[in-house]
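Structure record follows, encoded as structure tokens.
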Amino acid sequence: MNIKQKLREIIKNSLGIEVELTETKDPKLGDYSTNVAFTSQIKSVCGIKNNSPIKVAEDVVSRLKLPSEFIDCIEVGGAGFINFWLNKKFLYEAFTNILEEGEKFGSSNIGNNKRVLVEFVSTNPTGPLVVVNGRAAAIGDSLVRILKFTGYQAESEYYVDNCGKQVKLLEESIRARYRELEGEKAEIPEGGYPGEYLKEIAKEIKKSNLQNFREYGLNSIIQSQKDTLEKFGVSFDNWFYESDIRKSGGPEKVIDSIKKKELAYKKDGALWLKMPGDKDKVLIKSDGEFAYLVPDIAYHLNKFSRNYDLLIDLFGPDHISHIDELKTGLSACGSQVDKLKVIIVQWVTLVREGKKIGMSKRKGEFVTLDEVINDVGKDVTRFFFLMRKCESHLDFNIELAKRESKENPVFYIQYAGARIASILKRASSLDGINTIQISVQDLSLLKTPEELLLIRKILHFPEIIEHASLEFSPHYIPFYLLSLANFFHNFYEKHRVILDDDIPLTRARIELIKAVRQVIKIALSLMGISAPEKM
RNA sequence: GCCCUCGUAGCUCAAACGGAUAGAGCACCGGAUUUCUAAUCCGGGGGUUGAGGGUUCGAGUCCCUCCGAGGGUACCA
């Protein structure tokens, strides 16, 4: 249970109702505050009739009975907010618990052991991964790490669309490149893939004298996607192939179910899905092939059949309308659509030399994720993607990312960790520093504003993680880390950790910076970013 | 045309069920260091949150209209 939950519960016991608590922005306003005096429920539940929020707040404060070993002081501030100051001794006690929790600090069981499957990237196996795939990869991967840390059984999955029209176009495009190597004149088919990478694949095919263009091309591209992801620090628990869902007869079953529900009709030689409104969607094309939607419904039915409590899909904005179609199809097949949560990861617009770069695999113009990782590094790339909330449009300026790489927020955070590592290394040779268990009394030597700010900041960490998990939003973590690193650097400028003439304070400060380092390590690992000892 | 997402400082982005004075980084200006890592710290300027209306004790956040950007728009995935 984190501190906020604890305070909320104590207030509930005292007042009889649930109140909302927020972390205050300004330390002058205490540690937490509540707006309960503004709410209507307070008047009915407590029988307070006074109309002035300030008077209501004062009344509430007089009713509150909070243990003094936990809460130091309660005040009414502003227009009627009630502010709480935590008892310092309690802070120190909570802090000793952190030291004991170690790497588990911040973890929780809010997921209640629920099984979650997070599907992301899932790009067509027709070319290399591009920048926006990197955004989805970073967010999806981090989300899985956060969910695991907060008590979910989370798995990641990549859906490979290795069937359908785009694969045929890929095969034809490779064949065209192959004929070019034979000295013939060949054109990439309309809607095909003119990118340079297919030339390489055609060369390899020619060199090993292979005939299976399609299979070789797919395998080669999928492998290169896996290589890129590995370089990016992203690994998937499952790779699921569309061909498997087709082999199992899934799409046919979907069609049957939809027909039984009388949600399908024929028109223009195609089979259509009846949608609410007039946005009907093709299920079987007039050439007899399944449209993409059908195997995708079958795939999601397969996911449901694997007994997950929650399915999370990360989609690009081009799939927004697909969500309704998918859900309509799924409910026609009798599955629990409310267990499916879709998160939209917006496009990344690449800016190079002040110009926006078009991103189209079909036009052959794109910047690969590989290039970006090589240019600016894995850690910086991941951080850039993770510090934005996923639904925001994002401009990624390559020159800026490279230029800033020396004064980058990532390095700012990593540097704080490295500085601590350096101090700890130096301290390790001192006597009587690391051997004895630290106590609350020892920690109470930490009383400068900088130290108390750090302690409070660290104690907030579990709440940040919980928030990120509940909202499925990793981006709260980098912002928290920036603030924590700022507090640490500030502390570092003002105070020395190792004081030759004050061993007790040295010990206390070492425990403090160890905790800072621990939190940095945990948070960075949740983002899939390294925490170097030296920089 | 219709539908979805977005619009916050010069630039890139935050802001917890609607809460107190809308915050960071970059850029710009000024200052700090014989110190455990200067990839650091402190200070400053910079805002009618695209525009207008509404809801209420209170709106960047919710509702309506308009403007702008991106995406989708029926047999690509």
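Lettering follows sequence order; numbering is per chain, from 1.
Among the atoms of the strands shown, base atoms are found under 4.0 Å from some heavy atom of His495(A). Base contact: Arg496(A) has a heavy atom under 4.0 Å from a base atom. Contact annotation for Tyr476(A): backbone-only contact, meaning every heavy-atom pair under 4.0 Å involves sugar-phosphate atoms and none involves a base. At a threshold of 4.0 angstrom between heavy atoms, the contacts of Lys494(A) with the nucleic acid are absent. Among the heavy atoms of the strands lying under 4.0 Å from Leu394(A) are primed sugar atoms or P, OP1, OP2 only; no base atom is included. The residue Glu18(A) sits apart from the nucleic acid: no heavy atom pair falls under 4.0 Å. If you check every strand for non-hydrogen atoms under 4.0 Å, Ala79(A) touches nothing. The residue Gly269(A) sits apart from the nucleic acid: no heavy atom pair falls under 4.0 Å. At the heavy-atom level, Asp268(A) lies under 4.0 Å from base atoms of the strands shown. As judged by a 4.0 angstrom heavy-atom cut-off over every strand, Ser321(A) is placed among residues touching the sugar-phosphate backbone only.
Residue Leu283(A) contributes atom CG, which lies 14 Å from atom P of rC76(B) at whole-angstrom precision. We find that CZ of Phe488(A) is positioned 13 Å from C1' of rA39(B), with the value rounded to whole Å. Between Phe384(A) atom CZ and rC13(B) atom P the separation is 10 Å, expressed in whole Å. One can place CD of Glu20(A) at 8 Å from P of rG19(B), the figure rounded to the nearest angstrom.
In this structure, Tyr292(A) does not reach the rA77(B) phosphate: none of its side-chain N or O atoms is under 4.0 Å from OP1 or OP2. Here Lys25(A) reaches the OP1 or OP2 of rA20(B): one of its side-chain N or O atoms lies under 4.0 Å away. Between Lys285(A) and the phosphate of rA77(B), there is a side-chain N or O to OP1/OP2 separation shorter than 4.0 Å. The side chain of Asn35(A) places no N or O atom within less than 4.0 Å of a non-bridging phosphate oxygen (OP1 or OP2) of rG18(B). Contact between the side-chain N/O atoms of Lys281(A) and the OP1/OP2 oxygens of rA74(B) is not found at any separation under 4.0 Å.
Contact annotation: side chain of Asn83(A) to base of rA20(B), donor-acceptor pair present below 3.5 Å. One donor-acceptor pair, N or O on each side, does fall under 3.5 Å between the base of rA20(B) and the side chain of Ser33(A). At a cut-off of 3.5 angstrom, counting only N and O atoms as typed in the model, there is no donor on one side facing an acceptor on the other between the side-chain of Glu471(A) and the base of rA16(B).
Summarising the base pairing, rC66(B) is matched to rG50(B) through a Watson-Crick or G-U wobble pair whose two defining distances lie under 3.5 Å. With a cut-off of 3.5 Å on both Watson-Crick or G-U wobble distances, the partner of rC17(B) is given as none. Under the Watson-Crick and G-U wobble criteria, each requiring two contacts below 3.5 Å, nucleotide rG10(B) is paired to rC26(B). Pair check for rA59(B) finds none; no Watson-Crick or G-U wobble contact set falls under 3.5 Å. Applying the Watson-Crick and G-U wobble criteria (two distances, each under 3.5 Å), rC2(B) pairs with rG72(B). Judged by Watson-Crick or G-U wobble contacts below 3.5 Å, the nucleotide rU35(B) has no partner.
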Polar atoms only, N or O, under 3.5 Å: list the protein pairs with nucleotides 5-8 of chain B and their distances.
from: rU5(B); atom 1: O2'; to: Gln346(A); atom 2: NE2; distance (Å): 3.4
from: rU5(B); atom 1: O2; to: His393(A); atom 2: NE2; distance (Å): 3.4

Between the protein and nucleotides 28-32 of chain B, list every N/O to N/O distance that falls short of 3.5 Å.
none

Open item on the list: If you apply the rule salt bridge (charged side-chain N to carboxylate O under 4.0 Å, His left out), what do you find for Lys514(A) with Glu511(A), and how did you get there?
Closed with: CA-CA 5 Å; Lys514(A) 269 188 185 167; Glu511(A) 293 307 317; 3.8 Å; yes

- [ ] Determine, step by step, whether Val337(A) and Leu326(A) satisfy the side-chain contact (heavy atoms from CB on, under 4.5 Å) criterion, reporting the C-alpha distance in whole Å, the side-chain angles of both residues, the deciding distance to 0.1 Å, and the verdict.
- [x] CA-CA 9 Å; Val337(A) 179; Leu326(A) 185 60; over 6 Å; no

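Note: Phe396(A) and Phe385(A) meet the aromatic proximity criterion, with ring centroids under 6.0 Å apart. Separation of the Tyr158(A) and Phe240(A) ring centroids does not fall under the 6.0 Å cut-off. The distance between the ring centers of Phe120(A) and Phe236(A) falls below 6.0 angstrom.
No donor-acceptor pair under 3.5 Å is formed between the side chain of Ser173(A) and the backbone N or O of Glu171(A).
rA14(B) has no base stacking with the ring of Phe479(A) when judged by centroids under 5.5 angstrom apart and an interplanar angle below 30°. By the criterion of a centre-to-centre distance under 5.5 Å and near-parallel planes under 30°, the ring of His319(A) forms no stack with the base of rA77(B).
In this structure, Asp244(A) pairs ionically with Lys247(A), as a charged nitrogen and a carboxylate oxygen lie closer than 4.0 Å.
Among the nucleotides rC75(B), rA77(B), rC36(B), the one closest to the side chain of Ala270(A) is rC75(B).
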Mind listing the side-chain donor-acceptor pairs of residues 459-469 of chain A below 3.5 Å, one per line with the distance, residues two or more places apart or on another chain?
from: His460(A); atom 1: ND1; to: Glu463(A); atom 2: OE1; distance (Å): 3.2
from: Glu463(A); atom 1: OE1; to: Tyr32(A); atom 2: OH; distance (Å): 3.3
from: Glu463(A); atom 1: OE2; to: Lys4(A); atom 2: N; distance (Å): 3.4
from: Glu463(A); atom 1: OE2; to: Tyr32(A); atom 2: OH; distance (Å): 2.6
from: Glu466(A); atom 1: OE1; to: Asn2(A); atom 2: ND2; distance (Å): 2.9
from: Glu466(A); atom 1: OE1; to: Gln5(A); atom 2: NE2; distance (Å): 3.3
from: Ser469(A); atom 1: OG; to: Thr150(A); atom 2: OG1; distance (Å): 2.9

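Taking CD1 of Ile297(A) as the start and CG of Leu283(A) as the end, the distance is 6.5 Å to the nearest 0.5 Å. Interatomic distance, OH of Tyr415(A) versus CZ of Phe488(A), reported as 9.5 Å (0.5 Å rounding).
In this structure, His322(A) and His319(A) have perpendicular ring planes: the angle between them is above 60°, well past the 30° mark.
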